[in-house]
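All values below were derived from every heavy atom in this structure, side-chain atoms included, with hydrogens, water molecules and symmetry-related copies excluded.
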Amino acid sequence: MEYEADEILDALDEQQREAAQSLLGPTVILAGAGTGKTRTITHRIAYGILRGDFSEHRVMALTYTNKAAGELRSRLRQLGVHQVNAKTFHASALAQLEYFWREFFGIEAPRVLESKSRAIGQAAESLKIRLDPNSIRDLAAEIEWRKYSMLSLEGYAERMSSRPVIAGLSPIRGYEIQVAYEDAKVKAKQIDWEDVLLLCTGMLRAEPRALAHVHQQYRFFTVDEYQDISPLQQELLDTWLGERSDLCVVGDPNQTIYSFTGASATFLENFESRYPGANVISLTKNYRSTPEIITVANHLRGNKNYSPLEAVRPSGVEPQVQSFTDRATECSWVANQIKDALSKGVKASQIAVLYRINGQSEHIEKALADAAVEYQVRGGQRYFNRPEIMSAVRLVRAEAMNPTSKSVYESVSAIARSLGWQSIAPNVSGAQLEQWEALNSFVQIADELGNDATIKTFASELEERQRSQHEPTKESITLSTIHAAKGLEYKIVFIIGATEGYLPISYAKTETQIAEEQRLFYVAVTRAKDQLNITWAKRDTSDDRERTPSRYLDLI
């Protein structure tokens, strides 16, 4: 469907329309949870293109999550926009790094590590240190924090005594593992995802021809979730921008929850200082949640300098806070509530159970399994690593080399049928049903691209989704940490384990850390559209020490 410029604005409210019409120069959109920020920025881009202010191929739209990038591309396609570079920071940087590495050095760029965890574990073993998976994950997070904060190993050594203790290791031993990890990468001619950003920034600044090429290609920039930007990502963004100021950033200071990775809301909060005269627009009308849920969210809103959310939807069910004697009883109640919701016709993909840390999932997994309720843990098996999907991708690539006159849907559905797919869901369960669901999602991706797409377009879309790990939604209950659920929404949300020690987490000691934990709770609450249930248990197990309810429950 083709749109006129003014028709693009018809779908927006007054606040969103103001943001969409701020096309040139610096613009900051303070977008509260559920206020339609994705709709706003996609319509802003489409409006700017249709008006002639933007050239489609010169727009770069940047996100932090693969799902958000995929959503941007999908919505832009629906508005008739196909050539905007809508990717994560990492995907954009990697594409440039690979292109210019071949251009200037005549060889392929270093390969990105398939598993940082494995490399860290091997580095530790080379020093005769054995680390468990949780310790490796913590050390990986520390490496990411160091690089996102733009600290060299030498700079980190000067600050390591003030950093959290990992796996009981002395600071010097943790530092030695990091050194061994970096040395092993260099020898293997490999890089990690943080290196991608560092190398891209360094290369552009060292090679004037590469920088001129990027400045010529991209002129108009949009950054989603700007409250999560790190010093390293800001440095890369500044490099891409150069002396230009056609930059639109969108963010919510009340959703700053990634400071442990080096993210900082100060770039959002100080945007007007960096860009005097910037246009500042606030989106406050929440279209996602009922007024009752919005009331809870506003009580949890940490930064009172920013406007509260305004509920737009009709009244609904009052949020519930439930206490239990132990965690097993808590999770059994949640599982029964979920089973009841499913029996009333709620789709499984519209229900989520959120918790603070991965270790809290064990009891709810068991309770759901006992109740015969299918679930998926966010961060589990990768969609593109499934054997049937790997086969399907290979067949698509082969057909893209010799395209036919068939539509992309015809081609892809034929490939899926050759691998056992059928258009009607089979009456099977377990692994067979999972295989059908995976192939069905594969066909749906082709269907979403529309009639104008070709098999080559589909192959490119798959490559981008595979690289950015943008995976289809599975029809099952979602179990997720609150961090991993950011940017998502569900009709029914259960927040379990709302006790001191989990929310806030036990190692949050300073006022700044406690405030971030409160923002995390706010993010969890604002994932809910229709129903919100918050639960806590007095004990983790029957013989564990007694826990007390989260201090944040007093606010609501």
Side-chain angles (χ1 to χ4, degrees), residues 33 254-257 260 289-290 292-302 309 317-338 341 351-368 375 377-378 477-486 488-509 511 513-542 544-556:
N254 287 306
Q255 295 189 68
T256 304
I257 59 173
F260 64 92
S289 309
T290 62
E292 290 79 5
I293 294 171
I294 294 302
T295 298
V296 173
N298 281 332
H299 284 311
L300 285 169
R301 185 172 55 93
L309 296 172
V317 180
E318 283 287 344
Q320 300 294 315
V321 178
Q322 302 278 353
S323 63
F324 299 88
T325 55
D326 57 59
R327 203 194 304 190
T329 308
E330 173 190 16
C331 292
S332 178
W333 180 85
V334 170
N336 287 330
Q337 293 295 306
I338 290 173
I351 304 175
V353 181
L354 308 181
Y355 37 81
R356 177 61 178 85
I357 59 173
N358 286 303
Q360 291 174 270
S361 73
E362 180 183 354
H363 284 81
I364 187 63
E365 288 187 59
K366 182 179 185 305
L368 289 172
Y375 63 87
V377 180
R378 278 188 64 80
I477 308 301
T478 295
L479 307 184
S480 174
T481 63
I482 301 170
H483 281 100
K486 187 170 179 293
L488 306 178
E489 58 182 39
Y490 303 90
K491 284 192 173 185
I492 302 176
V493 168
F494 295 87
I495 304 171
I496 64 173
T499 64
E500 292 291 303
Y502 287 127
L503 278 167
I505 198 71
S506 57
Y507 51 75
K509 304 294 185 185
E511 186 177 331
Q513 291 169 334
I514 295 296
E516 180 150 334
E517 293 292 302
Q518 184 173 329
R519 292 194 296 271
L520 191 62
F521 207 159
Y522 171 89
V523 166
V525 165
T526 53
R527 299 312 93 202
K529 297 165 69 175
D530 296 347
Q531 293 182 40
L532 172 66
N533 294 276
I534 303 170
T535 65
W536 66 279
K538 295 177 182 177
R539 298 181 185 277
D540 279 354
T541 60
S542 58
D544 200 3
R545 66 179 179 82
E546 189 164 325
R547 290 188 176 273
T548 56
S550 167
R551 69 192 72 182
Y552 306 130
L553 296 182
D554 292 338
L555 300 175
I556 59 177

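- Of the options L368, I364, T535, a side-chain contact (heavy atoms from CB on, under 4.5 Å) to C331 is made by I364 and by none of the others.
- Between F494 atom CZ and Q322 atom CD the span is 10.0 Å, to the nearest 0.5 Å.
- The backbone N or O of R551 sits less than 3.5 Å from a side-chain atom of E500, completing a donor-acceptor pair.
- Taking a cutoff of 4.0 Å between a charged side-chain nitrogen and a carboxylate oxygen, D326 and R539 do not qualify as a salt bridge.
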Check your understanding: How far apart are the C-alpha atoms of I293 and V493, what are their side-chain angles, what is the distance that settles it, and do they pass the side chain to side chain contact (heavy atoms under 4.5 Å, CB included) test?
Key -> CA-CA 11 Å; I293 294 171; V493 168; over 6 Å; no
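- Counting only distance, with no hydrogens or angles, the side chain of E516 and the backbone of Q513 share no donor-acceptor pair below 3.5 Å.
- Here the closest non-hydrogen pair linking A484 and L488 is O-CD1, 4.1 Å.
- Taking CZ from F260 and CD1 from I505, the interatomic distance works out to 11.0 Å, rounded to the nearest 0.5 Å.
- In terms of modelled atom types and a separation under 3.5 Å, the side chain of T481 and the main chain of N358 share no donor-acceptor contact.
- Annotation: the span from Q255 atom CD to T526 atom OG1 amounts to 5.0 Å, rounded to 0.5 Å.
- Distance CD/E318 to CG/L532: 10.5 Å, rounded to 0.5 Å.
- No donor-acceptor pair closer than 3.5 Å links the side chain of Q518 to the backbone N or O of Y552.
- In this structure, the side chains of L555 and F521 stay at 4.5 Å or more apart for every pair of heavy atoms.
- Closest heavy-atom contact between Y355 and V353: CE2-O, 3.8 Å.
- Atom CG of L300 sits about 12.5 Å away from atom CZ of R519, to the nearest 0.5 Å.
- Using a distance-only test at 3.5 Å, with no hydrogens or angles considered, a donor-acceptor pair links the side chain of R527 to the main chain of V523.
- Residues Y522 and A297 share a closest heavy-atom pair of CD1-O, 3.3 Å.
- Of the possible donor and acceptor atoms, none in the side chain of T329 sits under 3.5 Å from a partner among the backbone N and O of F324.
- Across all their heavy atoms, L479 and E365 have their closest contact at CD1-CG, 3.5 Å.
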Exercise for review: Could you walk me through whether E292 and V317 pass the side chain to side chain contact (heavy atoms under 4.5 Å, CB included) test, one step at a time?
Suggested key: CA-CA 7 Å; E292 290 79 5; V317 180; over 6 Å; no
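- Without hydrogens or angle criteria, N298 side chain to L309 main chain gives a donor-acceptor distance under 3.5 Å.
- The distance from atom OG1 of T325 to atom CD of E546, rounded to the nearest 0.5 Å, is 10.5 Å.
- Residues A341 and I351 approach most closely at CB-CD1, 4.1 Å, considering heavy atoms.
- Checking side-chain atoms of R356 against main-chain N and O of L503 turns up no donor-acceptor pair under 3.5 Å.
- Nearest approach of E330 to A537, heavy atoms of both residues: OE1-CB, 3.5 Å.
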